There are 2 protein chains.
Amino acid sequence: MTADPLTLEHELPPDEELVPGEVRRPNHPSARPRRVAQTVAAARKVLEDEGPGALTMRRLADELGIRAPSLYKHFDSKAAVELAVIEDAMFDIGDVTHRAIHEPGAMGPLLSLLTTYRTYCLSHPNLYRLATSGHLPRKSLPPGLEDWAGNPWFVVTGDPHLAQALWSFAHGMVVLELDDRYPPGSDLESTWRAGAAAFERLTAQRQGDGSGRVA
Amino acid sequence: MTADPLTLEHELPPDEELVPGEVRRPNHPSARPRRVAQTVAAARKVLEDEGPGALTMRRLADELGIRAPSLYKHFDSKAAVELAVIEDAMFDIGDVTHRAIHEPGAMGPLLSLLTTYRTYCLSHPNLYRLATSGHLPRKSLPPGLEDWAGNPWFVVTGDPHLAQALWSFAHGMVVLELDDRYPPGSDLESTWRAGAAAFERLTAQRQGDGSGRVA
DNA sequence: TTGGGAGGCTAACGTTGATAGCTAGTATGG
DNA sequence: CCATACTAGCTATCAACGTTAGCCTCCCAA
């Protein structure tokens, strides 16, 4: 993460600065029109504070001191508002996970990534659910966002398939924990450790085989 | 799975027949009142064929040739209908996975479990999503259902934490695949293999250490 | 014969996302 | 300086949703 978060569109440095296999952070949609930005902020706040049931167009309009139909001057649909919130969430998660692997502390990058991911996602349950469940309208996302947000998993495993598998494990854990899906009394710390151990072996072995990062 | 699927309530054989650590299959809610059974069947059909958006009380009533309010003579709410569908789905998945580990074929129990799970869930996307996403009203489920359905993961790994971790991995994979969350062109076969490999080592090692099944 | 429950029905309510059509303000071009 | 056109608000309204209230009709048991 060398890119300046405030960099404006079309002002990115050239690709040459990137380590091969690393992915550039896409532009943050910071320069949104005033009302749009206000609406997205309100949507995120309402969602996180009161859950998805409270996220209605009328409620959103109330929050801005206007009427619901006026929102349609700025968004095509409720789904468009949600999509903007999803973008922000993906940026946040990307930031947090990139930081986790670049400042892993004592526990090593893989464990740092997993615990960071778990902590962030569990403390933003409604945001996480919105961002990660249901069909992804990939074509409407800022190009590169997905790759950039997923990059830490690749960096940490050194292999695309292992990366996807590890991310799937983490996502499964988080979402099942959020939905209260594990039997009561489950020792989830140990479950995370068990999963981490399973993947740690393979990545350690792979990193030790001298082949380095895989394209 | 020695219990007869058609066994009626309170006619289960004594617990002694069970291997320690194994869990008895709960009674299937087969003896539901006629209209209730019809409604649940219709709900499942509509859901699987046309997605969650089509699953409305009016649509369900249409399917039975009655009016929507009449459904409330048999169910407290739409959520109650969905819960019955979820129960059926959990029974189905439990049956399929128990079969997978008891007739593993050439690939071994763990891989058999994973491929069976993947195949079943991907071929019932809407049913799977309904059954596994959102908060679980655990108290309303038939007692034992959850443990029984989760038992194969325990049998295959020999350890409760590894079992939960493996299940989380599988659930994450399925749900992300269903939601089109992996970048286009992903080789998901390899991803499943990578995850399987990560867990296979630990379970093999554990099964080889002589301690056998863990309580 | 009668009483009551089971299971239908119609009418209606409140909430939701969304559209149509009007209007006040503002900026721009002649 | 005025005419035009766009922006962004508004009210009224729609259809669909889950759900409730209240009524009626059939059937079975006392």
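These numbers were taken from a predicted model, which means no experiment stands behind them.
Salt-bridge formation is not detected for the pair A:E50/A:K45: no Lys NZ or Arg NE/NH1/NH2 atom is positioned less than 4.0 Å from an Asp or Glu carboxylate oxygen. With salt bridges taken as basic N to acidic carboxylate O contacts below 4.0 Å, one links A:R25 and A:D95.
For the segment residues 39-50 of chain A, no residue has any heavy atom less than 4.0 angstrom from an atom of DNA chain C. Sorted by residue number, the members of residues 57-78 of chain B with any non-hydrogen atom under 4.0 Å from DNA chain D read B:M57, B:R58, B:P69, B:Y72, B:S77, B:K78.
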* Mind running salt bridge (charged side-chain N to carboxylate O under 4.0 Å, His left out) on B:E177 and B:R181 for me, showing each step along the way? => CA-CA 6 Å; B:E177 194 169 354; B:R181 230 65 193 199; over 6 Å; no
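Here the side chains of A:F199 and A:L114 are not in contact, with every heavy-atom distance at 4.5 Å or above. Considering only heavy atoms from C-beta on, B:Y128 comes within 4.5 Å of B:H171 through its side chain.
Residues that satisfy the side chain to side chain contact (heavy atoms under 4.5 Å, CB included) test with B:P104, not counting sequence neighbours, are B:P109, B:S112.
For DNA chain D, the outermost nucleotides in 5' to 3' order that have an atom under 4.0 Å from a heavy atom of chain A are D:dA8 to D:dA12.
Listed here is the closest heavy atom pair of A:A163 and A:W153: CB-O, 3.4 Å.
Judged as a salt bridge (Lys or Arg N to Asp or Glu O under 4.0 Å), the pairs with a partner in residues 182-194 of chain A (not counting sequence neighbours) are, in order, A:R118-A:E189. Judged as a salt bridge (Lys or Arg N to Asp or Glu O under 4.0 Å), the pairs with a partner in residues 145-158 of chain A (not counting sequence neighbours) are, in order, A:R138-A:E146.
Checking side-chain atoms of B:H98 against main-chain N and O of B:G94 turns up a donor-acceptor pair under 3.5 Å.
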